[in-house]
Amino acid sequence: MTDPRSTLTTETGASPPMSALRTPTRPRVWDVTLTIAAGGALGAMARYGVATAWPHAPGAFPWATFGVNVLGCLLIGALMVVLTEIVGRPHRLTRPFLGVGILGGFTTFSTYAVEVDRLVAGGQLELALAYLFGTVAAALLAVQVGIVATRLATRALTLVLTRARTRKGTPA
Amino acid sequence: MTLLLVALGAAVGAPLRYFTDRAVQARHDSVFPWGTLAVNVVGSLVLGLLLGGAAAGGIPAAVVTAVGVGFCGALTTYSTFGYETVRLAEGGSLLYGSANIVVSLAAGLGAAWLGLAVAGAIWT
């Protein structure tokens, strides 16, 4: 784990050793592709649902996109802890489906970028800056919260289960 | 019907993000997440073009839904951007983490602006 790349496991699984990319996984690439496509479709439909439920007027703060992106960041933090620290060897399609597919399809950078530009073009410079930097700050914090909260919850659960087991094990 | 268009666009965009990221990350040796940056910038450019064209009446609503909401939305990602930035900072590359934020925001906003501007020039 001295190579920083080996610790930087991205949601897309993009940073494994270079050799891993050339191993003969080609025949099995279709199930990964379809899994990501299905997850992406589900995530995008959920995002569309949120955007439809909370539309924002031109010149107003885009709460729907903000909420979707921050929630997606919270969940990716939690998911990555579950997959890399709790589940020893997750199914090979779990991360493509939940991380790359659903969360990747749910969150969006393009809408965010266009919304900032439109706020600027509409003369709402302060709101544009608040949205631009507010999203980044909230998103990064959400990733951290997702990571830390999941670790704490796991620890607490393990403690409770261990206690319950020892209590059961001790004779009355 | 609208929901179906979103799903169809996303079913193309999400795998394209995955394969673009893998292809880009396989071509360099740094920890910098160029792959995510690439999809986010390209998606922002395409969405800018599309919404600019739609605002000028040059692009039908169904195309905006499928390509804009579905494809561009799923091609780009905030969760990976956020996660990679946190991991970079955690891994000691505070400089890379900060650089990822600055470059992603600047390039993404620039790309979206360029798309809107080009669309304005084409359709008006």
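Each chain gets a letter, A, B and so on, in the order its sequence line appears, and its residues count up from 1.
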Visitor: With respect to chain B, which residue among Ala142(A), Ala44(A), Gly72(A), Ala121(A) yields the maximal number of heavy-atom pairs within a distance under 4.5 Å?
Guide: Ala44(A)
Visitor: What part of Phe133(A) gets within 4.5 angstrom of chain B, counting heavy atoms only: side chain, backbone, both, or neither?
Guide: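 Just the side chain, heavy atoms under 4.5 Å.
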Visitor: Non-hydrogen atoms of chain A under 4.5 Å away: do they reach the side chain of Leu3(B), the backbone, both or neither?
Guide: both
Visitor: Write out, in numerical order, the residues from residues 34-43 of chain A with a heavy atom short of 4.5 Å from a heavy atom in chain B.
Guide: Ile36(A), Ala37(A), Gly40(A), Ala41(A)
Visitor: Quick check for you: among Ala10(B), Gly9(B), Ala11(B), Gly13(B), which has the greatest number of heavy-atom pairs under 4.5 Å with chain A?
Guide: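 Of the candidates given, the most pairs with chain A belong to Ala11(B).
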Visitor: Select, from Asp117(A), Val32(A), Leu140(A), the one with the greatest count of heavy-atom pairs under 4.5 Å involving chain B.
Guide: Asp117(A)
Visitor: Less than 4.5 Å apart, any side-chain heavy atom of Leu127(A) and any of Tyr131(A)?
Guide: no
Visitor: So do the side chains of Ser104(B) and Thr36(B) get within less than 4.5 Å of each other, counting heavy atoms only?
Guide: no
Visitor: Could you check if a side-chain atom of Cys73(A) sits within less than 4.5 angstrom of a side-chain atom of Thr107(A), using non-hydrogen atoms only?
Guide: no
Visitor: Please classify the contact between Leu109(B) and chain A as side chain, backbone, both or neither, with a heavy-atom cut-off of under 4.5 Å.
Guide: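 For Leu109(B), heavy atoms of backbone and side chain both lie under 4.5 Å from chain A.
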Visitor: Any side-chain heavy atom of Thr85(B) within less than 4.5 Å of one from Phe81(B)?
Guide: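 In short, these two side chains touch, coming nearer than 4.5 Å.
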Visitor: Check whether any side-chain heavy atom of Thr80(B) sits under 4.5 Å from a side-chain heavy atom of Ile76(A), and report yes or no.
Guide: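 Heavy-atom side-chain distance check fails, nothing below 4.5 Å.
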Visitor: Taking all atoms of both residues into account, what is the closest heavy-atom pair of Leu88(B) and Asn100(B), and its distance?
Guide: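 For Leu88(B) versus Asn100(B), the nearest heavy atoms are CD1-CB, 4.3 Å.
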Visitor: Side chain from CB out, backbone as N, CA, C, O: work out which of these in Val68(A) comes under 4.5 Å of a heavy atom of chain B, or both, or neither.
Guide: neither
Visitor: Among Ala139(A), Gly49(A), Ser110(A), single out the residue with the greatest number of heavy-atom pairs under 4.5 Å to chain B.
Guide: Ser110(A)
Visitor: Leu103(A) versus Leu98(A): any side-chain heavy-atom pair under 4.5 Å?
Guide: no
Visitor: Is the shortest side-chain N to carboxylate O distance from Arg87(B) to Glu90(B) below 4.0 Å?
Guide: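 Yes.
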Visitor: Parallel under 30°, tilted from 30 to 60°, perpendicular over 60°: which one fits the rings of Tyr78(B) and Phe109(A)?
Guide: parallel
Visitor: For the residue pair Phe61(A) and Trp63(A), categorise the inter-ring angle as parallel (less than 30°), tilted (30 to 60°) or perpendicular (more than 60°).
Guide: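 Ring orientation of Phe61(A) relative to Trp63(A): tilted.
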